[in-house]
Asks: 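Supplied in structure tokens, the structure appears directly below.
Just so you know, residue 1 is the first one in the sequence shown, and it goes up from there.
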Amino acid sequence: GTLTDYMLSLGKPTIVAEVGAGIELPFDQVGISEQGVYNVMKHMGMLEGTPALPKQQYLLHTRPLLRPKNGGMFYTAQSGIWQTVWCEWVSQIYINKLYITPDYDNSSVHIKVIPAKMDCETVIPYKVLVFDGNQIVKESKSEVVSGEIAEVTIAIPEKKSWTPKTPFLYELRIVYGEDMVESYFGMRIFSVETDANNLPRLCLNHEPLFQKGVLDQGYYPESLLTPVSDEAMIFDIETAKAKGFNMIRKHCKIEPMRWYYHRLGMLVWQDMINGGSTYHLIKTCYIPTLLPALRHKKDNDYSFTSREDEQGRAEWKKECIETIKQLYNCTSICTWVLFNEGWGQFDAKENTDMVREVDNTRIIDAHSGWFDQGAGDVKSEHIYFFDLVMKKSKKPYIISEFGGISYAVAGHTYSDKYFGYGNHENRESLKAAYEKLDKKIAELEKEGLCASVYTQLTDIEEEINGIMTYDRKVMKL
């Protein structure tokens, strides 16, 4: 859930908490006592045996949190602090935020440093270094008044492009007064362009690239949304790449920042955390799935998509912007996915414009699945239970979900209840069905299909339509 702008007074000092579904929770304090932190956790219901805040103070966003009881495509709910907690000592003058924007066409990178606010003005040295391995590619030195935003554009001679096949990353070091941070970036550009046959295509570095993706929701049997380890995250990404995928659609989850460090070479579509009030399976899911002609419902009927709460709509906008800013520097992210299958969708055109103002460097999938409002950069549809087809469109046509075929591996299931689309009795049958789908996708690519997303990378609890089992011990495909 979400606890918005909630202030807990602990005497001296005060913690201001803004808790979203995967959004950073920074607090800048000195001398917080152990008892003070305990009081925060107790008040937020994060300790065993303590109640959470009253229900009306939460704005429910995500699929798991709306279903306290799991089952089928709804998984075990998780709240509290489930990502890594980082603690850092900083000097009085320090870097608060950093935005890195590669300019591929002009062979340069723009660096924007936002420091912590200061009460006094002091001229401090400011230095930016770009590295290729251990070699300094470029260095920029200047001075800046403390507390003021520092911006610089640095030319990258003989740039090395980032692609899934050659995922080269430049390293970056920024010295701001006594503070120093290190980061990375890749030289790449995402665009929509026409190919030799005048078909719209998704392009990477101005070259058409078919994005063959797999849906990944990042659940683990040991720890739910919390990755077990860095090695576990790497294993999932390497498995997807070994299976022939060059893109992962990160579905309804924001991962720890290290997950996005794709030196392995994997494109990422990032979903916004979304949902709404009560989920109506029949009108929001079953009808659009089975009756494609009804997929163009206007999304200003807020009650239909479970978004009638004005505060909830405002909260989604706020957290959407926060998500983009938090993940802005991630080289691997090529696409923002705003809404999925209508649940909680509202004002897609206006929200697309809002996102474009914050980040105009990436592709926007405004509505994945259905309830298409003509917004965004792509025509994005889900195809389950029907034959895969390519539809003519002025925008790149993508099948942003398909497949979901299931197979229960004895000894490696979550329970004796199963959920999936089209059950198979053995691995051979599953493999044959997958290869048929994969062959069809390859044929549609020639006709103009620009991307596909297979459901899904792993089994999750009762949902057994993964390429591998929930425990990651058996490869089904």
Asks: Under 3.5 Å, side chain of Asp103 to main-chain N/O of Ser107, donor-acceptor pair present?
Replies: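 Not a single qualifying donor-acceptor pair exists.
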Asks: For His367 and Gln345, which I'm curious about, is there any donor-acceptor pair between the side chains at under 3.5 Å?
Replies: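 Per modelled atom types, His367 and Gln345 side chains form no pair under 3.5 Å.
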Asks: Run the numbers on Ser368 and Ser400 for side chain to side chain donor-acceptor pair (under 3.5 Å), then give the verdict.
Replies: CA-CA 6 Å; Ser368 178; Ser400 46; 3.0 Å; yes
Asks: Tell me yes or no: between the side chains of Asn274 and Arg307, is some donor less than 3.5 Å from an acceptor?
Replies: yes
Asks: Evaluate the criterion side chain to side chain contact (heavy atoms under 4.5 Å, CB included) for residue pair Ile363 and Val378; output intermediate values, then yes/no.
Replies: CA-CA 8 Å; Ile363 303 300; Val378 295; 4.0 Å; yes
Asks: Is there a side chain to side chain contact (heavy atoms under 4.5 Å, CB included) between Ser380 and Tyr397 once you walk through the steps?
Replies: CA-CA 6 Å; Ser380 174; Tyr397 182 71; over 6 Å; no
Asks: With side-chain contact (heavy atoms from CB on, under 4.5 Å) as the test, pick out the partner of Thr469 among Val409, Ile464, Thr458.
Replies: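 That would be Val409.
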Asks: Could you tell me whether Gln135 atom CD has more than 12 heavy atoms of other residues or ligands within 6.0 Å of it?
Replies: no
Asks: Judged by atom type as modelled, is there a donor-acceptor pair below 3.5 Å linking the side chain of Arg201 to the main-chain atoms of Phe210?
Replies: no
Asks: Under 3.5 Å, is there a donor-acceptor pair linking the side chains of Tyr454 and Glu401?
Replies: no
Asks: What verdict does the side chain to side chain donor-acceptor pair (under 3.5 Å) test give for Tyr260 and Gln270, after you've listed the backbone C-alpha separation in whole Å, the side-chain angles of each residue and the deciding distance to 0.1 Å?
Replies: CA-CA 10 Å; Tyr260 298 93; Gln270 178 63 53; 2.6 Å; yes
Asks: Ignoring hydrogens and geometry, is there a side-chain-to-backbone donor-acceptor pair from Thr163 to Thr166 under 3.5 Å?
Replies: yes
Asks: Looking only at side-chain N and O atoms, does Ser108 offer a donor or acceptor that is under 3.5 Å from a partner on Asn106?
Replies: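 No.
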Asks: Which residue, Ile234, Asp230, Val268, forms the side-chain contact (heavy atoms from CB on, under 4.5 Å) with Trp259?
Replies: Val268
Asks: If you measure from the Lys or Arg side-chain nitrogens to the Asp or Glu carboxylate oxygens, is any gap between Asp271 and Lys250 under 4.0 Å?
Replies: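 So Asp271 does not pair with Lys250 through a salt bridge.
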Asks: Decide salt bridge (Lys or Arg N to Asp or Glu O under 4.0 Å) for Lys141 and Glu139; before the verdict, give the C-alpha distance in whole Å, the side-chain angles of both, and the deciding distance to 0.1 Å.
Replies: CA-CA 7 Å; Lys141 294 182 179 180; Glu139 181 177 355; 3.7 Å; yes
Asks: Counting C-beta onward and ignoring hydrogens, is there a side-chain heavy-atom pair between Ser332 and Tyr261 closer than 4.5 Å?
Replies: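 No; the side chains remain at least 4.5 Å from each other.
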Asks: Do the side chain of Lys127 and the main chain of Ser142 share a donor and acceptor less than 3.5 angstrom apart?
Replies: no
Asks: Which is it for Asn205 and Glu207 under the side chain to side chain donor-acceptor pair (under 3.5 Å) test, yes or no, and what are the steps along the way?
Replies: CA-CA 6 Å; Asn205 304 334; Glu207 294 291 333; over 6 Å; no
Asks: Contact between Ile189 and Asp105 at the side-chain level, heavy atoms closer than 4.5 Å - yes or no?
Replies: yes
Asks: Going through the distances and angles, do Asp299 and Lys349 end up as a salt bridge (Lys or Arg N to Asp or Glu O under 4.0 Å)?
Replies: CA-CA 10 Å; Asp299 65 2; Lys349 288 185 177 181; over 6 Å; no
Asks: Is there a donor-acceptor contact under 3.5 Å from the side chain of Lys243 to the main chain of Leu477?
Replies: yes
Asks: Is any side-chain N of the basic residue among Glu315 and Lys317 closer than 4.0 Å to the acidic one's carboxylate O?
Replies: no
Asks: So, for Tyr384 and Phe402, is the gap between ring centers shorter than 6.0 Å?
Replies: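 No, the ring of Tyr384 stays outside the 6.0 Å limit from the ring of Phe402, centre to centre.
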Asks: Among Leu209, Ile333, Ile248, Leu202, find the one that has a side-chain contact (heavy atoms from CB on, under 4.5 Å) with Leu267.
Replies: Leu209
Asks: Are Leu172 and Tyr184 close enough that some pair of their side-chain heavy atoms sits under 4.5 Å apart?
Replies: no
Asks: Evaluate whether atom CD of Glu350 has more than 12 neighbouring non-hydrogen atoms of other residues, nucleotides or ligands under 6.0 angstrom away.
Replies: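 Yes, enclosed.
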Asks: Which pairs with one or both residues in residues 317-336 pass ring-ring contact (aromatic ring centres under 6.0 Å, His included), sequence neighbours excluded?
Replies: Tyr99-Tyr328
Asks: Answer yes or no on whether Arg472 is positioned over the face of Tyr220, meaning its NZ or CZ is under 6.0 Å from the six-membered ring centre and within 45° of the axis.
Replies: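 Arg472 over Tyr220 ring: yes.
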Asks: Is there side-chain contact between Val453 and Val214, with heavy atoms separated by less than 4.5 Å?
Replies: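 Answer no - side chains too far apart.
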Asks: Does Ser223 reach the side chain of Trp82, with side-chain heavy atoms less than 4.5 Å apart?
Replies: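 No; the side chains remain at least 4.5 Å from each other.
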Asks: Could you walk me through whether Lys241 and Asn246 pass the side chain to side chain contact (heavy atoms under 4.5 Å, CB included) check?
Replies: CA-CA 6 Å; Lys241 194 157 190 179; Asn246 62 7; over 6 Å; no
Asks: With a cut-off of 6.0 Å (strictly less than), are more than 12 heavy atoms of other residues, nucleotides or ligands near CD of Glu178?
Replies: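 No, because the 6.0 Å sphere around CD of Glu178 holds 12 heavy atoms or fewer from other groups.
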Asks: Do Pro164 and Leu204 make a side-chain contact, defined as non-hydrogen atoms from C-beta onward lying under 4.5 Å apart?
Replies: yes
Asks: Keeping Gln78 on the side-chain end and Leu225 on the backbone end, is there a donor-acceptor pair under 3.5 Å?
Replies: yes
Asks: Taking all heavy atoms of Ile124 and all of Gly177, pick out the closest pair and write down the distance.
Replies: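 What the structure gives for the nearest pair is CD1-N, 4.0 Å.
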Asks: For Asp309 and Gln311, which I'm curious about, is there any donor-acceptor pair between the side chains at under 3.5 Å?
Replies: no
Asks: With ring centroids as reference points, do Trp316 and Phe339 lie under 6.0 angstrom apart?
Replies: yes
Asks: Within a strict 4.5 Å, meaning less than it, do heavy atoms of the Lys379 and Asp372 side chains meet?
Replies: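 In short, these two side chains touch, coming nearer than 4.5 Å.
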Asks: Are Thr331 and Arg188 side-chain neighbours, meaning at least one heavy-atom pair lies under 4.5 Å?
Replies: yes
Asks: Check this for me: does any side-chain nitrogen of one of Lys439 and Glu435 sit under 4.0 Å from a carboxylate oxygen of the other?
Replies: no
Asks: Measuring from atom NZ of Lys212 to atom CG of Leu449, what distance do you get when rounded to the nearest 0.5 angstrom?
Replies: 11.5 Å
Asks: Closest heavy-atom contact between Tyr421 and Gly403?
Replies: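 Heavy atoms only, the tightest pair is CD1-O, 3.8 Å.
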Asks: What I want to find out is whether Arg313 reaches Asp347 closely enough, with some N-O distance under 4.0 Å, to be called a salt bridge.
Replies: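 Looking at Arg313 and Asp347, the cut-off is not met.
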Asks: Can a donor-acceptor pair be found between the side chains of Arg249 and Asn340 at a distance below 3.5 Å?
Replies: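 Per modelled atom types, Arg249 and Asn340 side chains form a pair under 3.5 Å.
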Asks: Looking just at side-chain N and O atoms, do Tyr104 and Ser161 make a donor-acceptor pair shorter than 3.5 Å?
Replies: yes
Asks: When Asp377 is tested against each of Arg362, Lys395, Arg356 for side chain to side chain donor-acceptor pair (under 3.5 Å), which residue passes?
Replies: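 Only one of Arg362, Lys395, Arg356 forms a side chain to side chain donor-acceptor pair (under 3.5 Å) with Asp377, namely Arg356.
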Asks: For the ring pair Tyr219 and Tyr75, is the centre-to-centre distance below 6.0 Å?
Replies: yes
Asks: Please lay out, stage by stage, how Met272 and Val337 fare under the test side chain to side chain contact (heavy atoms under 4.5 Å, CB included).
Replies: CA-CA 6 Å; Met272 296 299 150; Val337 182; over 6 Å; no
Asks: Does any pair with a residue in residues 147-165 pass salt bridge (charged side-chain N to carboxylate O under 4.0 Å, His left out), and if so which ones, sequence neighbours excluded?
Replies: Asp132-Lys160
Asks: Check whether Gln373 reaches the backbone of Phe371 with its side chain - one donor and one acceptor, N or O, closer than 3.5 Å.
Replies: yes
Asks: Got a donor-acceptor contact below 3.5 angstrom from the Asn465 side chain to the Gly420 backbone?
Replies: no
